[in-house]
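What follows is a short report on a single structure.
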Amino acid sequence: MKISEKNKDFFQSVFEVVKLIPEGRVTSYGAIAKCLGAPRSSRMVGWAMNASHSAKEPIPAHRVVNRNGLLTGKMHFSDPNEMQTRLEAEGHEIKNDQIQSFREVFWDPNTELEL
DNA sequence: ACAATGACTGAAT
DNA sequence: AATTCAGCCATTG
(Lines give C-alpha, C1' and ligand atoms only; values in the text may rest on other atoms or scores of the structure.)
Protein backbone atom coordinates (compact mmCIF):
# COMPACT_ATOMS: atom_id res chain seq x y z
CA MET A 1 0.00 0.00 0.00
CA LYS A 2 1.15 3.44 -0.80
CA ILE A 3 0.65 6.65 1.07
CA SER A 4 0.02 9.87 -0.75
CA GLU A 5 2.35 12.75 -0.10
CA LYS A 6 -0.51 14.74 1.31
CA ASN A 7 -1.37 12.15 3.89
CA LYS A 8 2.24 11.50 4.65
CA ASP A 9 2.32 14.89 6.30
CA PHE A 10 -0.62 13.86 8.42
CA PHE A 11 1.19 10.71 9.40
CA GLN A 12 4.30 12.69 10.23
CA SER A 13 2.29 15.00 12.46
CA VAL A 14 0.80 12.04 14.27
CA PHE A 15 4.24 10.54 14.74
CA GLU A 16 5.60 13.75 16.17
CA VAL A 17 2.81 14.03 18.70
CA VAL A 18 3.17 10.39 19.68
CA LYS A 19 6.90 10.80 20.10
CA LEU A 20 6.22 13.80 22.32
CA ILE A 21 4.23 11.68 24.72
CA PRO A 22 6.17 11.69 28.02
CA GLU A 23 7.25 8.37 29.37
CA GLY A 24 4.70 6.94 31.71
CA ARG A 25 1.90 8.74 29.93
CA VAL A 26 -0.65 7.72 27.34
CA THR A 27 -3.11 9.45 25.06
CA SER A 28 -6.05 8.65 22.86
CA TYR A 29 -6.51 8.69 19.11
CA GLY A 30 -9.17 11.34 19.32
CA ALA A 31 -6.90 13.63 21.34
CA ILE A 32 -4.17 13.35 18.73
CA ALA A 33 -6.64 13.81 15.90
CA LYS A 34 -8.03 16.87 17.56
CA CYS A 35 -4.54 18.23 18.08
CA LEU A 36 -4.04 17.87 14.35
CA GLY A 37 -7.27 19.67 13.64
CA ALA A 38 -9.20 16.57 12.60
CA PRO A 39 -11.14 15.41 15.67
CA ARG A 40 -13.27 13.20 13.44
CA SER A 41 -10.28 11.45 11.95
CA SER A 42 -9.46 9.39 15.00
CA ARG A 43 -9.60 6.31 12.78
CA MET A 44 -6.97 7.80 10.54
CA VAL A 45 -4.75 8.31 13.56
CA GLY A 46 -5.04 4.64 14.30
CA TRP A 47 -4.32 3.96 10.68
CA ALA A 48 -1.29 6.18 10.93
CA MET A 49 -0.12 4.11 13.86
CA ASN A 50 -0.40 1.09 11.64
CA ALA A 51 1.92 2.89 9.26
CA SER A 52 4.27 3.68 12.15
CA HIS A 53 5.88 0.32 11.44
CA SER A 54 7.08 1.75 8.18
CA ALA A 55 8.41 4.84 9.91
CA LYS A 56 12.18 5.11 10.06
CA GLU A 57 11.99 6.37 13.60
CA PRO A 58 10.68 4.31 16.53
CA ILE A 59 7.13 5.35 17.31
CA PRO A 60 5.90 4.58 20.85
CA ALA A 61 2.53 3.53 19.53
CA HIS A 62 2.02 1.53 22.70
CA ARG A 63 1.37 4.86 24.43
CA VAL A 64 -1.57 5.46 22.16
CA VAL A 65 -4.80 3.77 23.15
CA ASN A 66 -8.45 4.41 22.60
CA ARG A 67 -10.34 6.81 24.82
CA ASN A 68 -11.29 3.88 27.03
CA GLY A 69 -7.67 3.16 27.89
CA LEU A 70 -8.09 -0.14 26.12
CA LEU A 71 -5.18 -1.56 24.17
CA THR A 72 -7.24 -2.07 21.08
CA GLY A 73 -4.29 -2.05 18.71
CA LYS A 74 -1.99 -4.33 20.64
CA MET A 75 -2.50 -7.02 18.06
CA HIS A 76 -0.96 -4.81 15.40
CA PHE A 77 2.42 -4.85 17.07
CA SER A 78 5.17 -7.26 16.23
CA ASP A 79 4.21 -9.00 19.45
CA PRO A 80 0.84 -8.09 20.96
CA ASN A 81 2.13 -8.89 24.41
CA GLU A 82 4.93 -6.41 23.90
CA MET A 83 2.56 -3.45 24.05
CA GLN A 84 1.21 -4.38 27.44
CA THR A 85 4.63 -5.35 28.70
CA ARG A 86 6.05 -2.04 27.60
CA LEU A 87 3.26 -0.07 29.20
CA GLU A 88 3.73 -1.99 32.43
CA ALA A 89 7.44 -1.27 32.21
CA GLU A 90 6.59 2.42 32.17
CA GLY A 91 4.66 2.10 35.39
CA HIS A 92 1.17 1.40 34.07
CA GLU A 93 -1.10 -1.25 35.45
CA ILE A 94 -2.81 -3.28 32.76
CA LYS A 95 -5.83 -5.40 33.47
CA ASN A 96 -7.82 -7.17 30.83
CA ASP A 97 -5.95 -5.20 28.15
CA GLN A 98 -7.08 -2.03 29.84
CA ILE A 99 -4.93 0.62 31.51
CA GLN A 100 -5.83 1.06 35.15
CA SER A 101 -5.83 4.64 36.40
CA PHE A 102 -5.89 5.59 32.76
CA ARG A 103 -7.31 8.93 33.75
CA GLU A 104 -4.24 9.68 35.86
CA VAL A 105 -1.74 8.84 33.15
CA PHE A 106 -3.73 10.35 30.34
CA TRP A 107 -1.79 12.96 28.39
CA ASP A 108 -3.77 15.29 26.20
CA PRO A 109 -1.59 17.06 23.60
CA ASN A 110 -4.15 19.83 23.40
CA THR A 111 -3.99 20.54 27.11
CA GLU A 112 -0.55 19.42 28.22
CA LEU A 113 1.16 20.60 25.08
CA GLU A 114 -1.13 23.60 25.11
CA LEU A 115 -1.15 24.04 21.39
C1' DA B 1 -17.12 4.79 -8.89
C1' DC B 2 -19.45 1.85 -5.25
C1' DA B 3 -19.18 -0.96 -1.25
C1' DA B 4 -16.79 -2.66 2.65
C1' DT B 5 -13.36 -2.25 6.45
C1' DG B 6 -11.02 -0.25 10.48
C1' DA B 7 -5.48 0.54 16.28
C1' DC B 8 -12.29 5.48 17.07
C1' DT B 9 -15.91 8.35 19.34
C1' DG B 10 -20.21 9.90 20.89
C1' DA B 11 -25.07 9.33 21.27
C1' DA B 12 -29.04 6.41 21.85
C1' DT B 13 -31.44 2.37 23.90
C1' DA C 1 -24.10 1.26 33.88
C1' DA C 2 -23.61 -1.81 29.82
C1' DT C 3 -24.52 -2.80 25.03
C1' DT C 4 -25.82 -1.29 20.42
C1' DC C 5 -26.11 2.00 16.53
C1' DA C 6 -24.61 5.42 13.63
C1' DG C 7 -21.25 8.97 11.96
C1' DC C 8 -16.45 10.04 10.24
C1' DC C 9 -12.53 9.75 7.00
C1' DA C 10 -8.91 7.48 4.39
C1' DT C 11 -7.59 3.06 2.23
C1' DT C 12 -8.59 -1.12 -0.27
C1' DG C 13 -11.17 -4.60 -3.11
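Chain letters run A, B, ... following the sequence lines, proteins first and then strands; every chain starts at 1.
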Interatomic distance, [X] [atom1] vs [N] [atom2] [rounded to whole Å]:
X       : N      : atom1 : atom2 : result
A:Ile59 : B:dA7  : CD1   : P     : 18 Å
A:His76 : B:dG6  : NE2   : P     : 9 Å
A:Phe11 : C:dC9  : CZ    : C1'   : 12 Å
A:Phe10 : C:dA10 : CZ    : P     : 8 Å
A:Trp47 : B:dT5  : CH2   : P     : 17 Å

Look up atom [atom1] in [X] and atom [atom2] in [Y], then write down how far apart they are to the nearest 0.5 Å.
X        : Y        : atom1 : atom2 : value
A:Glu112 : A:Phe106 : CD    : CZ    : 8.5 Å
A:Cys35  : A:Asn110 : SG    : CG    : 5.0 Å
A:Lys56  : A:Phe15  : NZ    : CZ    : 10.5 Å

Side chain A:Ser28, main chain A:Ala31, donor-acceptor under 3.5 Å:
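Yes.
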
Would you find a donor on one side and an acceptor on the other, under 3.5 Å apart, between the side chain of A:Arg25 and the backbone of A:Arg63?
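It does not hold such a pair.
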
Considering all heavy atoms of both residues, which atom of A:Gln98 and which atom of A:Gln100 are nearest to each other, and what is their separation?
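So the minimum-distance heavy-atom pair works out to O-NE2, 3.1 Å.
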
Scan A:His53 against the nucleic acid and name what it touches under 4.0 Å (heavy atoms): base, sugar-phosphate only, or nothing.
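The residue A:His53 makes base contact.
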
For A:Ala61, answer base if it contacts any base atom (sugar-phosphate contacts may also be present), sugar-phosphate if it contacts only those atoms, and nothing otherwise; contact means non-hydrogen atoms under 4.0 Å.
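Answer is base: heavy atoms of A:Ala61 come under 4.0 Å of a base.
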
Please list every donor-acceptor pair under 3.5 Å in which a side-chain atom of residues 65-73 of chain A meets a protein atom from a residue at least two apart or in another chain.
unit_1: A:Asn66; atom_1: OD1; unit_2: A:Asn68; atom_2: N; d: 3.2
unit_1: A:Asn66; atom_1: OD1; unit_2: A:Gly69; atom_2: N; d: 3.1
unit_1: A:Asn66; atom_1: OD1; unit_2: A:Leu70; atom_2: N; d: 2.7

Evaluate the side-chain proximity of A:Asp97 to A:Lys74: yes if any heavy-atom separation is below 4.5 Å, no if none is.
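Of all side-chain heavy-atom pairs linking A:Asp97 with A:Lys74, at least one is under 4.5 Å.
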
Mind running side-chain hydrogen bond (donor to acceptor under 3.5 Å, both in side chains) on A:His62 and A:Glu90 for me, showing each step along the way?
CA-CA 11 Å; A:His62 59 275; A:Glu90 296 191 0; 3.1 Å; yes

When you measure from the side chain of A:Met44, which nucleotide among C:dA10, C:dT11, B:dA7 comes out closest?
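Between C:dA10, C:dT11, B:dA7, the one nearest the side chain of A:Met44 would be C:dA10.
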
Nucleotide nearest A:Ser41 (side chain, heavy atoms from C-beta), chosen from C:dC9, C:dT12, B:dA7
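Nearest to the side chain of A:Ser41 among the choices is C:dC9.
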
Which residues in residues 84-102 of chain A have a heavy atom closer than 4.0 Å to any atom of DNA chain B?
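Contacts with DNA chain B under 4.0 Å: none.
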
For nucleotides 9-13 of chain B, tabulate all protein N/O to nucleotide N/O atom pairs closer than 3.5 Å, reporting atom names and distance.
unit_1: B:dT9; atom_1: OP1; unit_2: A:Gly30; atom_2: N; d: 3.2
unit_1: B:dT9; atom_1: OP1; unit_2: A:Arg67; atom_2: N; d: 3.4
unit_1: B:dT9; atom_1: OP2; unit_2: A:Arg67; atom_2: N; d: 2.7
unit_1: B:dG10; atom_1: OP2; unit_2: A:Arg67; atom_2: NE; d: 3.0

